[in-house]
Amino acid sequence: MKQNPSAQSTSNVHGWERAASIAGGLYFLGKGLGRGGLGSLLQLAVGGLALARGISGHCEAKRVLCELNEHAAMAEGTSRSMPLHRETDQQQLKTNAQAATATATVTGNDSLDNPPVASESYPTTTPS
């Protein structure tokens, strides 16, 4: 995906989410510094990432997920940023349908209210 330089400087982590990232980052940094081994390195890494997310107010993973969600919403036609002109589209479709059927010629009984009577292809026999 293309990376927009201005997209990285925008803040997409706000309020309680930002405060929770800072608190969680400090917690994991403290736990990682208190022990040794591979687990502590993992805690230090997670804590550092969460702290950086909270301080900067930007999360690249959240940006990508929100962008994917918006693309999916646009594909479904439920996007908030995509202008929908459903009434004008329906009116245009109705006008086109009326214009297409105005010159149509009906040959036969195509009515749904009065379907054609099935002709009997088998002679009726009376049981003896």
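Excluded from the calculations below are hydrogen atoms, water molecules and symmetry mates; all remaining heavy atoms, backbone and side chain alike, are included.
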Which atoms form the tightest heavy-atom contact between [X] and [Y], and what is the distance?
X	Y	result
S11	R18	OG-NH1, 4.3 Å
T10	H58	O-ND1, 2.9 Å
G37	S40	O-OG, 2.7 Å
L51	I22	CD1-O, 3.8 Å

Fill in: CG-NZ distance between L26 and K31, expressed to the nearest 0.5 angstrom
14.5 Å

Worksheet, complete the sentence: Rounded to the nearest 0.5 Å, the CG atom of L49 sits from the CD atom of E60 at a distance of 12.5 Å

Fill in: K62 (side chain) donor-acceptor with V13 (main chain) under 3.5 angstrom
no

Worksheet item: Are L44 and I55 in one and the same hydrophobic cluster, where Ile, Leu, Val, Met, Phe, Trp and Tyr link if side-chain heavy atoms are under 4.5 Å apart?
Response: yes

